[in-house]
Amino acid sequence: MKNKIDGSHEAARWAVSLPILLFHGMCKSYELLKGTMAPGVEELQFPQLEIPLTINSISPILPASPIPATNGDSLYLSNLDDMIGASVFTPTVYFYRSRKPGVTEVLNEALASVLVPYYPFSGRLRETSDGKLEVFFGPNQGVLLVEARSEMILVNLGDLSVPNPAWTNLVYYFPNEEQYKVIDMPLLIAQVTQFSCGGFSLGLRICHRLCDGAGAMQFLSAWAATARLSTLTVNPIPCWDREILGPRDPPLIQYPHVEFKRIDDGSSLTRSLWVVKPVQKCYSVSREYQAHLKSLVQSQSVGITTFDAMAAHVWRSWVKALDVRPLNYELRLTFSVNGRSRLTNPPLKQGFYGNAVCVACATNTVSGLVNGPLSDTTCLVRNARLSVSEA
(Lines give C-alpha, C1' and ligand atoms only; values in the text may rest on other atoms or scores of the structure.)
Protein backbone atom coordinates (compact mmCIF):
# COMPACT_ATOMS: atom_id res chain seq x y z
CA MET A 1 0.00 0.00 0.00
CA LYS A 2 1.25 3.47 -0.85
CA ASN A 3 0.61 6.95 0.48
CA LYS A 4 0.48 9.90 -1.86
CA ILE A 5 2.76 12.70 -0.75
CA ASP A 6 1.95 15.95 -2.53
CA GLY A 7 4.02 18.24 -0.32
CA SER A 8 1.19 20.50 0.78
CA HIS A 9 0.30 20.10 4.44
CA GLU A 10 -2.98 21.88 3.75
CA ALA A 11 -3.84 19.29 1.08
CA ALA A 12 -2.97 16.46 3.45
CA ARG A 13 -5.25 17.89 6.13
CA TRP A 14 -8.16 18.31 3.76
CA ALA A 15 -7.53 14.75 2.49
CA VAL A 16 -8.69 15.48 -1.06
CA SER A 17 -7.10 16.08 -4.42
CA LEU A 18 -6.21 19.70 -5.02
CA PRO A 19 -4.99 21.55 -8.13
CA ILE A 20 -2.11 23.24 -6.30
CA LEU A 21 1.63 23.72 -6.53
CA LEU A 22 3.10 20.49 -5.24
CA PHE A 23 6.30 20.06 -3.29
CA HIS A 24 9.12 18.99 -5.55
CA GLY A 25 12.15 19.05 -3.28
CA MET A 26 12.59 15.50 -2.01
CA CYS A 27 12.55 13.73 -5.34
CA LYS A 28 14.30 16.59 -7.09
CA SER A 29 17.19 16.05 -4.70
CA TYR A 30 17.41 12.40 -5.69
CA GLU A 31 17.49 13.35 -9.34
CA LEU A 32 20.32 15.81 -8.69
CA LEU A 33 22.32 13.80 -6.17
CA LYS A 34 21.79 10.24 -7.34
CA GLY A 35 20.54 10.56 -10.89
CA THR A 36 17.63 8.15 -10.25
CA MET A 37 14.50 8.06 -8.12
CA ALA A 38 14.86 6.47 -4.71
CA PRO A 39 13.35 2.97 -4.36
CA GLY A 40 9.85 3.27 -2.97
CA VAL A 41 9.34 6.75 -4.44
CA GLU A 42 7.34 6.90 -7.65
CA GLU A 43 6.28 9.89 -9.69
CA LEU A 44 2.58 9.74 -10.48
CA GLN A 45 1.56 10.86 -13.95
CA PHE A 46 -1.49 12.86 -14.91
CA PRO A 47 -2.77 13.42 -18.47
CA GLN A 48 -2.38 16.76 -20.21
CA LEU A 49 -5.95 17.69 -21.05
CA GLU A 50 -8.50 20.45 -21.26
CA ILE A 51 -11.95 20.20 -19.75
CA PRO A 52 -14.32 22.31 -21.84
CA LEU A 53 -17.48 23.20 -19.98
CA THR A 54 -20.44 25.52 -20.07
CA ILE A 55 -21.67 27.42 -17.03
CA ASN A 56 -25.45 27.24 -17.01
CA SER A 57 -26.26 29.22 -13.88
CA ILE A 58 -24.74 31.10 -10.96
CA SER A 59 -27.11 31.40 -8.01
CA PRO A 60 -26.90 32.67 -4.44
CA ILE A 61 -28.10 30.10 -1.91
CA LEU A 62 -29.67 31.47 1.27
CA PRO A 63 -30.47 29.54 4.46
CA ALA A 64 -33.73 27.63 4.07
CA SER A 65 -35.23 29.03 7.28
CA PRO A 66 -34.57 31.85 9.77
CA ILE A 67 -31.12 31.94 11.37
CA PRO A 68 -29.98 33.38 14.74
CA ALA A 69 -28.53 36.47 13.08
CA THR A 70 -30.19 39.53 11.58
CA ASN A 71 -28.99 42.33 9.32
CA GLY A 72 -26.24 44.25 11.07
CA ASP A 73 -25.18 41.43 13.40
CA SER A 74 -21.57 40.28 13.48
CA LEU A 75 -19.51 37.35 14.77
CA TYR A 76 -16.06 37.41 16.35
CA LEU A 77 -13.15 35.66 14.64
CA SER A 78 -10.31 34.35 16.79
CA ASN A 79 -6.67 35.23 16.21
CA LEU A 80 -6.21 31.76 14.70
CA ASP A 81 -8.99 32.58 12.22
CA ASP A 82 -7.40 35.98 11.66
CA MET A 83 -3.91 34.81 10.74
CA ILE A 84 -2.50 36.12 7.46
CA GLY A 85 -2.14 32.59 6.07
CA ALA A 86 -5.90 32.08 6.40
CA SER A 87 -6.69 34.82 3.86
CA VAL A 88 -7.30 32.26 1.14
CA PHE A 89 -10.06 30.18 -0.32
CA THR A 90 -8.98 26.56 -0.16
CA PRO A 91 -9.93 24.75 -3.40
CA THR A 92 -11.01 21.10 -3.31
CA VAL A 93 -12.50 18.80 -5.95
CA TYR A 94 -14.63 15.70 -5.38
CA PHE A 95 -15.76 13.26 -8.08
CA TYR A 96 -18.89 11.09 -8.06
CA ARG A 97 -19.99 8.43 -10.53
CA SER A 98 -23.69 8.75 -9.66
CA ARG A 99 -26.14 8.49 -12.55
CA LYS A 100 -29.13 9.77 -10.62
CA PRO A 101 -30.90 12.74 -12.24
CA GLY A 102 -31.45 16.06 -10.54
CA VAL A 103 -28.13 16.11 -8.67
CA THR A 104 -27.84 19.90 -8.68
CA GLU A 105 -31.35 20.37 -7.31
CA VAL A 106 -30.69 17.90 -4.49
CA LEU A 107 -27.41 19.59 -3.56
CA ASN A 108 -29.06 23.02 -3.79
CA GLU A 109 -31.83 22.12 -1.35
CA ALA A 110 -29.46 20.30 1.01
CA LEU A 111 -27.06 23.25 1.04
CA ALA A 112 -29.85 25.67 1.93
CA SER A 113 -30.88 23.38 4.79
CA VAL A 114 -27.33 22.99 6.14
CA LEU A 115 -26.81 26.76 6.04
CA VAL A 116 -29.29 27.14 8.88
CA PRO A 117 -27.09 25.53 11.57
CA TYR A 118 -23.96 26.63 9.69
CA TYR A 119 -25.32 30.14 9.14
CA PRO A 120 -21.93 31.96 9.44
CA PHE A 121 -21.08 30.63 5.96
CA SER A 122 -23.91 32.78 4.59
CA GLY A 123 -22.36 36.02 5.85
CA ARG A 124 -19.43 38.12 4.65
CA LEU A 125 -16.12 39.30 6.07
CA ARG A 126 -15.36 42.91 6.86
CA GLU A 127 -12.54 44.75 8.59
CA THR A 128 -13.14 46.34 11.99
CA SER A 129 -11.67 49.59 13.27
CA ASP A 130 -8.76 47.76 14.93
CA GLY A 131 -7.83 45.94 11.72
CA LYS A 132 -9.30 42.55 12.65
CA LEU A 133 -11.82 40.76 10.49
CA GLU A 134 -15.29 39.69 11.55
CA VAL A 135 -18.28 37.98 9.95
CA PHE A 136 -21.19 40.32 9.39
CA PHE A 137 -24.71 39.75 8.09
CA GLY A 138 -26.58 41.84 5.55
CA PRO A 139 -29.41 41.42 3.07
CA ASN A 140 -29.15 39.02 0.13
CA GLN A 141 -25.81 37.47 1.04
CA GLY A 142 -25.68 33.67 1.12
CA VAL A 143 -23.21 31.33 -0.56
CA LEU A 144 -22.71 30.78 -4.29
CA LEU A 145 -23.71 27.68 -6.27
CA VAL A 146 -22.56 27.36 -9.88
CA GLU A 147 -24.10 24.80 -12.23
CA ALA A 148 -21.92 23.69 -15.15
CA ARG A 149 -21.85 20.93 -17.76
CA SER A 150 -19.12 19.19 -19.71
CA GLU A 151 -19.50 16.79 -22.63
CA MET A 152 -16.53 14.79 -21.41
CA ILE A 153 -16.88 11.58 -19.40
CA LEU A 154 -15.15 10.98 -16.08
CA VAL A 155 -13.00 8.12 -17.37
CA ASN A 156 -11.31 10.53 -19.78
CA LEU A 157 -9.99 12.56 -16.84
CA GLY A 158 -7.50 9.81 -15.98
CA ASP A 159 -6.64 8.71 -12.45
CA LEU A 160 -8.85 10.82 -10.21
CA SER A 161 -6.60 10.18 -7.21
CA VAL A 162 -3.72 12.10 -8.82
CA PRO A 163 -4.13 15.91 -8.62
CA ASN A 164 -4.20 17.50 -12.06
CA PRO A 165 -3.83 21.24 -12.86
CA ALA A 166 -6.46 20.75 -15.57
CA TRP A 167 -9.11 20.48 -12.86
CA THR A 168 -8.80 24.20 -12.14
CA ASN A 169 -11.90 25.11 -14.14
CA LEU A 170 -13.96 22.62 -12.11
CA VAL A 171 -13.68 25.20 -9.31
CA TYR A 172 -15.31 28.59 -9.87
CA TYR A 173 -13.32 31.83 -9.81
CA PHE A 174 -14.78 35.25 -10.48
CA PRO A 175 -13.53 37.00 -13.64
CA ASN A 176 -10.52 39.18 -12.75
CA GLU A 177 -10.72 38.02 -9.13
CA GLU A 178 -8.05 39.56 -6.91
CA GLN A 179 -5.64 37.10 -5.34
CA TYR A 180 -6.15 36.67 -1.58
CA LYS A 181 -9.35 38.72 -1.61
CA VAL A 182 -11.64 37.57 1.20
CA ILE A 183 -13.47 40.74 2.23
CA ASP A 184 -17.05 40.98 0.94
CA MET A 185 -16.74 37.65 -0.88
CA PRO A 186 -19.12 34.68 -0.59
CA LEU A 187 -17.50 32.50 2.08
CA LEU A 188 -18.37 29.29 0.23
CA ILE A 189 -18.34 28.90 -3.54
CA ALA A 190 -19.51 25.57 -4.97
CA GLN A 191 -19.48 24.42 -8.59
CA VAL A 192 -21.38 21.30 -9.64
CA THR A 193 -20.17 20.08 -13.04
CA GLN A 194 -22.19 17.33 -14.66
CA PHE A 195 -20.46 15.07 -17.19
CA SER A 196 -22.12 13.33 -20.13
CA CYS A 197 -21.65 9.91 -18.49
CA GLY A 198 -23.93 10.94 -15.63
CA GLY A 199 -21.14 11.48 -13.14
CA PHE A 200 -20.38 14.86 -11.65
CA SER A 201 -17.74 16.81 -9.78
CA LEU A 202 -18.14 19.12 -6.82
CA GLY A 203 -15.57 21.90 -6.77
CA LEU A 204 -15.45 23.88 -3.55
CA ARG A 205 -13.74 27.02 -2.38
CA ILE A 206 -14.18 27.64 1.33
CA CYS A 207 -12.74 30.69 3.05
CA HIS A 208 -10.02 29.52 5.42
CA ARG A 209 -10.91 32.33 7.84
CA LEU A 210 -14.06 30.42 8.78
CA CYS A 211 -12.66 26.93 9.28
CA ASP A 212 -9.64 24.69 9.03
CA GLY A 213 -9.53 21.31 7.29
CA ALA A 214 -11.28 19.42 10.07
CA GLY A 215 -14.01 22.06 10.24
CA ALA A 216 -14.49 22.05 6.49
CA MET A 217 -14.91 18.27 6.46
CA GLN A 218 -17.44 18.54 9.30
CA PHE A 219 -19.48 20.99 7.19
CA LEU A 220 -19.13 18.90 4.03
CA SER A 221 -20.18 15.71 5.87
CA ALA A 222 -23.34 17.45 7.08
CA TRP A 223 -24.11 18.66 3.56
CA ALA A 224 -23.55 15.18 2.08
CA ALA A 225 -25.65 13.44 4.74
CA THR A 226 -28.47 15.94 4.27
CA ALA A 227 -28.42 15.43 0.50
CA ARG A 228 -28.35 11.64 0.86
CA LEU A 229 -31.14 11.38 3.46
CA SER A 230 -33.28 14.28 2.16
CA THR A 231 -33.54 15.69 5.67
CA LEU A 232 -31.30 18.00 7.69
CA THR A 233 -28.61 15.84 9.28
CA VAL A 234 -25.84 17.38 11.39
CA ASN A 235 -23.67 15.33 13.70
CA PRO A 236 -22.06 16.85 15.66
CA ILE A 237 -24.09 20.02 16.17
CA PRO A 238 -21.92 22.88 14.85
CA CYS A 239 -20.36 25.14 17.46
CA TRP A 240 -19.04 28.66 16.69
CA ASP A 241 -17.53 29.58 20.10
CA ARG A 242 -14.54 31.53 18.71
CA GLU A 243 -14.40 33.71 21.83
CA ILE A 244 -12.80 30.85 23.76
CA LEU A 245 -9.63 31.44 21.73
CA GLY A 246 -9.54 35.18 22.40
CA PRO A 247 -6.27 36.73 23.66
CA ARG A 248 -5.59 37.19 27.35
CA ASP A 249 -6.22 40.65 28.76
CA PRO A 250 -3.66 42.00 29.30
CA PRO A 251 -1.64 40.00 26.76
CA LEU A 252 0.85 37.53 28.23
CA ILE A 253 3.62 36.33 25.92
CA GLN A 254 5.63 33.60 27.63
CA TYR A 255 7.52 32.03 24.72
CA PRO A 256 9.38 33.33 21.66
CA HIS A 257 7.39 32.79 18.47
CA VAL A 258 10.04 32.45 15.80
CA GLU A 259 7.42 31.49 13.23
CA PHE A 260 6.09 35.07 13.24
CA LYS A 261 9.38 36.92 13.15
CA ARG A 262 10.39 38.80 10.03
CA ILE A 263 12.67 36.86 7.69
CA ASP A 264 15.82 38.60 6.50
CA ASP A 265 16.38 37.24 3.01
CA GLY A 266 20.15 36.90 3.18
CA SER A 267 20.49 33.60 1.34
CA SER A 268 20.44 32.32 -2.24
CA LEU A 269 17.15 30.49 -1.62
CA THR A 270 14.76 32.97 -3.22
CA ARG A 271 16.94 33.39 -6.30
CA SER A 272 17.39 29.63 -6.62
CA LEU A 273 13.62 29.11 -6.60
CA TRP A 274 13.25 31.83 -9.22
CA VAL A 275 15.88 30.24 -11.47
CA VAL A 276 14.79 26.63 -10.96
CA LYS A 277 11.09 27.46 -11.49
CA PRO A 278 9.52 24.56 -9.54
CA VAL A 279 6.90 22.54 -11.39
CA GLN A 280 3.90 20.62 -10.15
CA LYS A 281 4.61 16.98 -9.35
CA CYS A 282 2.89 14.29 -7.32
CA TYR A 283 4.74 11.34 -5.81
CA SER A 284 3.75 8.09 -4.20
CA VAL A 285 5.92 7.12 -1.23
CA SER A 286 5.56 3.49 -0.13
CA ARG A 287 4.93 2.58 3.48
CA GLU A 288 8.08 0.47 3.31
CA TYR A 289 10.16 3.50 2.39
CA GLN A 290 8.60 5.55 5.15
CA ALA A 291 9.27 2.78 7.69
CA HIS A 292 12.87 2.49 6.47
CA LEU A 293 13.41 6.23 6.82
CA LYS A 294 11.93 6.21 10.32
CA SER A 295 14.13 3.26 11.33
CA LEU A 296 17.25 5.22 10.38
CA VAL A 297 16.59 7.80 13.08
CA GLN A 298 14.39 6.01 15.59
CA SER A 299 17.26 4.24 17.36
CA GLN A 300 18.89 7.59 18.06
CA SER A 301 15.77 9.51 19.05
CA VAL A 302 12.79 8.92 21.32
CA GLY A 303 9.19 9.59 20.34
CA ILE A 304 9.87 10.01 16.62
CA THR A 305 6.88 9.77 14.28
CA THR A 306 6.79 9.01 10.57
CA PHE A 307 5.87 12.64 9.97
CA ASP A 308 8.95 13.82 11.85
CA ALA A 309 11.26 11.62 9.78
CA MET A 310 9.62 12.42 6.44
CA ALA A 311 9.48 16.17 7.11
CA ALA A 312 13.12 16.24 8.15
CA HIS A 313 14.16 14.24 5.10
CA VAL A 314 12.21 16.42 2.67
CA TRP A 315 13.53 19.63 4.26
CA ARG A 316 17.11 18.42 4.25
CA SER A 317 16.98 17.04 0.70
CA TRP A 318 15.26 20.14 -0.64
CA VAL A 319 17.98 22.41 0.76
CA LYS A 320 20.68 20.13 -0.68
CA ALA A 321 19.03 20.14 -4.11
CA LEU A 322 18.84 23.95 -4.20
CA ASP A 323 22.45 24.29 -2.98
CA VAL A 324 21.51 27.12 -0.59
CA ARG A 325 24.24 29.54 0.49
CA PRO A 326 25.71 30.79 2.82
CA LEU A 327 26.13 27.73 5.03
CA ASN A 328 25.59 29.71 8.25
CA TYR A 329 22.21 31.08 7.12
CA GLU A 330 19.36 29.99 9.39
CA LEU A 331 16.38 28.40 7.67
CA ARG A 332 12.90 27.71 9.01
CA LEU A 333 10.55 24.82 8.46
CA THR A 334 6.98 25.66 9.40
CA PHE A 335 4.09 23.21 9.43
CA SER A 336 0.59 22.98 10.83
CA VAL A 337 -0.32 21.20 14.05
CA ASN A 338 -3.91 20.41 15.01
CA GLY A 339 -4.43 22.03 18.39
CA ARG A 340 -7.75 20.40 19.24
CA SER A 341 -6.34 17.68 21.48
CA ARG A 342 -3.88 20.12 23.07
CA LEU A 343 -6.48 22.58 24.32
CA THR A 344 -7.70 21.36 27.70
CA ASN A 345 -8.31 24.42 29.89
CA PRO A 346 -11.01 24.70 28.76
CA PRO A 347 -11.27 22.18 25.89
CA LEU A 348 -12.95 23.03 22.62
CA LYS A 349 -16.56 21.91 22.49
CA GLN A 350 -17.60 19.06 20.25
CA GLY A 351 -18.68 20.43 16.88
CA PHE A 352 -16.24 23.35 16.93
CA TYR A 353 -15.37 24.00 13.29
CA GLY A 354 -13.16 27.08 13.49
CA ASN A 355 -9.43 27.26 12.98
CA ALA A 356 -7.66 25.25 15.68
CA VAL A 357 -4.47 24.75 13.70
CA CYS A 358 -1.26 26.26 15.05
CA VAL A 359 2.04 26.87 13.30
CA ALA A 360 5.06 24.91 14.49
CA CYS A 361 8.53 26.09 13.50
CA ALA A 362 11.87 24.29 13.40
CA THR A 363 15.08 26.19 12.66
CA ASN A 364 18.53 25.09 11.55
CA THR A 365 21.44 26.46 9.60
CA VAL A 366 22.10 25.36 6.04
CA SER A 367 25.25 23.62 7.26
CA GLY A 368 23.39 21.84 10.02
CA LEU A 369 20.86 20.56 7.53
CA VAL A 370 23.15 19.38 4.75
CA ASN A 371 26.14 18.24 6.81
CA GLY A 372 24.52 17.12 10.05
CA PRO A 373 22.91 13.72 10.60
CA LEU A 374 19.29 13.20 9.64
CA SER A 375 18.51 12.25 13.24
CA ASP A 376 19.41 15.77 14.43
CA THR A 377 17.04 17.41 11.94
CA THR A 378 14.34 14.89 12.84
CA CYS A 379 14.66 15.84 16.51
CA LEU A 380 14.26 19.51 15.60
CA VAL A 381 11.00 18.71 13.80
CA ARG A 382 9.78 16.56 16.71
CA ASN A 383 10.60 19.27 19.25
CA ALA A 384 8.81 21.91 17.19
CA ARG A 385 5.75 19.67 16.92
CA LEU A 386 5.67 18.97 20.65
CA SER A 387 6.21 22.63 21.54
CA VAL A 388 2.69 23.55 20.38
CA SER A 389 0.59 23.88 23.52
CA GLU A 390 -2.16 26.06 24.99
CA ALA A 391 0.44 27.97 27.03
Side-chain angles (χ1 to χ4, degrees), residues 1-18 20 22-44 161-163 212-214 258-259 278 281-322 324 330-342 357-389:
M1 182 177 180
K2 297 181 177 181
N3 286 351
K4 293 183 179 65
I5 304 296
D6 69 3
S8 166
H9 194 74
E10 188 63 22
R13 286 193 292 107
W14 284 61
V16 292
S17 299
L18 300 182
I20 57 177
L22 303 177
F23 201 71
H24 190 37
M26 178 178 66
C27 295
K28 178 70 175 177
S29 70
Y30 277 111
E31 294 167 4
L32 291 177
L33 301 176
K34 295 187 176 181
T36 58
M37 198 70 71
V41 180
E42 176 189 1
E43 181 181 344
L44 301 178
S161 67
V162 181
D212 57 16
V258 180
E259 63 273 20
K281 297 286 185 179
C282 187
Y283 294 94
S284 173
V285 181
S286 68
R287 289 194 181 275
E288 293 75 17
Y289 181 81
Q290 294 178 53
H292 168 68
L293 194 64
K294 184 178 177 181
S295 70
L296 294 178
V297 298
Q298 201 165 27
S299 61
Q300 305 170 56
S301 308
V302 179
I304 293 298
T305 66
T306 301
F307 171 81
D308 298 334
M310 286 295 299
H313 177 59
V314 171
W315 186 23
R316 186 172 183 249
S317 301
W318 189 69
V319 173
K320 284 184 177 181
L322 291 172
V324 180
E330 188 172 76
L331 296 172
R332 300 180 196 174
L333 173 71
T334 59
F335 53 91
S336 299
V337 175
N338 190 345
R340 284 170 171 77
S341 63
R342 300 165 189 251
V357 171
C358 304
V359 178
C361 181
T363 63
N364 202 357
T365 63
V366 175
S367 178
L369 284 167
V370 301
N371 297 324
L374 178 61
S375 58
D376 286 358
T377 302
T378 304
C379 284
L380 292 174
V381 175
R382 180 203 59 189
N383 293 342
R385 173 175 56 82
L386 294 178
S387 70
V388 175
S389 71

Asker: Distance from Thr305 atom OG1 to Gln290 atom CD, nearest 0.5 Å?
Answerer: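 Here the rounded value is 11.0 Å.
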Asker: Could you state the interatomic distance from CD (Glu259) to OG1 (Thr363), rounded to the nearest 0.5 Å?
Answerer: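 One finds 10.5 Å between CD of Glu259 and OG1 of Thr363.
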Asker: Between Leu374 and Leu293, is a side chain to side chain contact (heavy atoms under 4.5 Å, CB included) present by the stated rule, with each step listed?
Answerer: CA-CA 10 Å; Leu374 178 61; Leu293 194 64; 3.9 Å; yes
Asker: Is the shortest side-chain heavy-atom distance between Arg382 and Val297 below 4.5 Å?
Answerer: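 Not in contact.
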Asker: Identify the heavy atoms of Gly303 and Asp308 that sit nearest to each other, and give their distance.
Answerer: O-OD2, 3.9 Å
Asker: So Val285 and Met310, side chain to side chain contact (heavy atoms under 4.5 Å, CB included) or not? Walk me through it.
Answerer: CA-CA 10 Å; Val285 181; Met310 286 295 299; 4.1 Å; yes
Asker: Quick one: CD on Glu42 to SG on Cys282, what's the gap to the nearest 0.5 Å?
Answerer: 10.5 Å
Asker: Calculate, to the nearest 0.5 Å, the distance between atoms CH2 and CZ belonging to Trp315 and Phe335 respectively.
Answerer: 9.0 Å
Asker: Looking at CZ of Arg316 and OG1 of Thr378, how far apart are the two atoms once the value is rounded to the nearest 0.5 Å?
Answerer: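 Going from CZ on Arg316 over to OG1 on Thr378, the span is 8.5 Å.
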Asker: What are the two closest heavy atoms between Thr377 and Gly368, and how far apart are they?
Answerer: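 In this case the closest contact between Thr377 and Gly368 is OG1-O, 4.4 Å.
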Asker: Is any side-chain heavy atom of Arg385 closer than 4.5 Å to one of Val381?
Answerer: no
Asker: Hey, which of Thr365, Asn364, Leu369 is the one that makes side chain to side chain contact (heavy atoms under 4.5 Å, CB included) with Leu331?
Answerer: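 Only one of Thr365, Asn364, Leu369 forms a side chain to side chain contact (heavy atoms under 4.5 Å, CB included) with Leu331, namely Leu369.
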Asker: Minimum heavy-atom separation for Pro163 to Ser161, with atom names?
Answerer: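 Where Pro163 meets Ser161 most closely, the heavy atoms are CD-O, 3.6 Å.
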Asker: With a 4.5 Å heavy-atom cut-off, do Arg342 and Val337 have their side chains touching?
Answerer: yes
Asker: Given 3.5 Å as the limit, does a donor-acceptor pair link the side chain of Asn383 with the main chain of Leu380, or not?
Answerer: no
Asker: How long is the span from the SG atom in Cys379 to the CD1 atom in Ile304, to the nearest 0.5 Å?
Answerer: 5.0 Å
Asker: Looking only at heavy atoms, which two atoms of Ala384 and Cys361 are closest? And how far apart?
Answerer: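 Of all heavy-atom pairs spanning Ala384 and Cys361, the closest is CB-O, 3.4 Å.
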